[in-house]
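Numbers for residues simply follow the sequence, beginning at 1. Here the structure is a predicted model, which means the values were calculated and not measured. Indexing begins at 1, ligand by ligand and atom by atom, following the structure's order.
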Amino acid sequence: MKKNIVSIVKIQNYNPDKVKSAIAKSIEPLGGMNAFVNKGQKVLLKPNILLGLSPDKAATTHPAVIAAVAELVNEAGGIVFLGDSPGVGSFESAMKPTGIGKVVEKYGIELADFSNVHPFECEDNVIAKHINLAKAVDDADVIITLPKLKTHVQMSMTCAVKNQYGLVVGMQKGEYHFRLENRDALADLMVDINRIAKPKLAICDAIDAMEGEGPSGGTPRNIGVILASADLPALDVVACEIIGLNPNNVPVIQACKRQKYGATSLDEIEVAGEAIESVKITDFKQINNLQNVRRILPMPQFMLKIVRQQWASRPRINKNKCVKCYKCRDGCPVSPPAIDPDRPVGKEVDDKTCIRCYCCHEFCIAKAIDLKKPWFDRVFKITKLMNFLNKHIGKFLPHI
Ligand code: SF4
Ligand code: SF4
């Protein structure tokens with residue numbers, strides 16, 4: 001069987017020339033840009049633009065990476081267009097703070113249509129046989145996805161496969177959070193979206209990644225690598241190995257495994273360039289959430305919902321840090337919003353209606369939302385125990 005290639009290239013910083021040669025080197029084992037882009041094709045570059053934050057926060061794909069890929073696509077004869085649907089606010093408003101505006105200006109890049117949607121269908125999909133995605137997906141001949149490697153409070157990690165969730169436009173993302181509620185179903189949806197969008201190539205910005213409470217509230221951590229692959233789940237598995245995260249605890253990788261989408265174990269992957277061991281970060285700060293509880297305690301969906309409601313961390317507003325921007329309230333998928341900074345102290349979050357999606361935490365650029373474990377977890381350290389069991393005996397249990 002031919003193994004799926006994931007390329008690892010070391011590069012310490014965002015020096016534009018060095019970034020370009022690192023990316024060119026990363027796609028060499030995959031056949032170079034000409035293996036993905038033909039002359040005259042419209043190529044959608046899909047970075048991760050979660051919010052309008054500056055590049056040094058490591059929450060968004062660095063503009064130097066976008067610029068380098070745009071140059072390589074141009075050299076291959078492709079026509080670049082660029083876009084994403086941020087969690088809150090518009091792509092246009094995020095362009096200046098993220099540094100992407102300058103890239104767009106310098107290369108005369110056309111912005112992709114993320115204002116309108118196009119209906120897609122796929123009979124093989126698990127969650128969404130019919131789904132509306134950004135019209136840009138329909139306009140593109142080729143999609144190149146440019147994820148940022150980050151921890152993620154709900155999904156453990158965000159990288160190549162999850163990056164396509166940004167093809168769902170605006171508040172529709174929140175509606176899916178509300179409808180699906182649990183992260184396994186959401187992960188299945190993300191695989192569905194990939195099956196429709198069919199990104200041909202992923203080039204991951206893991207030069208400065210994010211550790212801790214990502215995808216927006218964590219801390220930048222220099223890993224100093226670019227990863228590239230035509231097999232997105234394979235890239236995610238390698239990213240997990242680099243940051244010391246068990247792929248079995250990443251819902252999106254588990255969903256790929258369930259749906260037999262791409263390579264989901266190292267045995268099926270060929271690593272090109274640097275060896276994983278040589279770039280591994282042994283003390284990368286992970287999310288301290290409950291991982292894959294169903295493997296240790298198999299239970300029906302309704303029970304899982306109750307357990308999750310009781311057990312999962314709860315968002316709490318830190319009044320000292322809150323700047324009353326209301327992004328948390330505007331982005332909450334529950335109606336009426338489960339969070340409101342104007343409510344009395346201690347009652348800002350309605351724990352009964354909150355579905356623990358952590359969108360509020362994701363959208364709060366003031367880092368004013370803390371995630372608090374319930375008292376019994378703080379006392380008995382149950383999450384720690386379950387994650388320990390999952391790590392040591394989970395691998396012997398059947399896959400769920
Ligand atoms: S908690 Fe954060 S997102 Fe919500 S209003 Fe305050 S600063 Fe804004
Ligand atoms: S309060 Fe926060 S975690 Fe709860 S449902 Fe709203 S956005 Fe999700």
Could you tell me, atom by atom, which parts of ligand 1 come under 4.0 Å of a heavy atom of Y326?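 Those of ligand 1 that fall under 4.0 Å from Y326 are 5 (S), 8 (Fe).
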
Atoms of ligand 1, numbered as shown, that sit under 4.0 Å from any heavy atom of P341: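 Answer, ordered by atom number: 5 (S).
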
Could you name the option among [options] that has the heavy atom nearest to [atom]?
atom                    : options                : result
atom 2 (Fe) of ligand 1 : C360, A366, C364       : C364
atom 5 (S) of ligand 2  : I355, T353, V349, I339 : I355
atom 8 (Fe) of ligand 1 : C325, C322, C328       : C325

Passing option when E211 is tested against K150, K285, R221 for salt bridge (Lys or Arg N to Asp or Glu O under 4.0 Å):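 Among K150, K285, R221, the one that satisfies the salt bridge (Lys or Arg N to Asp or Glu O under 4.0 Å) with E211 is R221.
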
Do [X] and [Y] have a side chain donor and acceptor closer than 3.5 Å?
X    : Y   : answer
D205 : Y14 : yes
S54  : D56 : yes
N13  : K18 : no

[atom] - nearest protein heavy atom and its distance:
atom                    : result
atom 4 (Fe) of ligand 2 : C354 SG, 2.4 Å
atom 7 (S) of ligand 1  : V323 N, 3.3 Å
atom 3 (S) of ligand 2  : Y358 N, 3.1 Å
atom 6 (Fe) of ligand 2 : C332 SG, 2.4 Å
atom 1 (S) of ligand 1  : I369 CG1, 3.8 Å

How does K324 reach ligand 1, by side chain, by backbone, by both or by neither, if only non-hydrogen atoms under 4.0 Å count?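 Under 4.0 Å from ligand 1, K324 contributes backbone atoms alone.
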
Exceeds 12 heavy-atom contacts within 6.0 angstrom, atom NZ of K102: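 12 or below, so no.
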
Would you name the heavy atoms of [X] and [Y] that are closest together and state the gap between them?
X    : Y    : result
I5   : P29  : CD1-O, 3.7 Å
C357 : H177 : CB-ND1, 3.8 Å
F363 : G331 : CE1-CA, 3.6 Å

Could you list which atoms of ligand 2 come closer than 4.0 Å to a heavy atom of V334?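 In order of number, 5 (S).
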
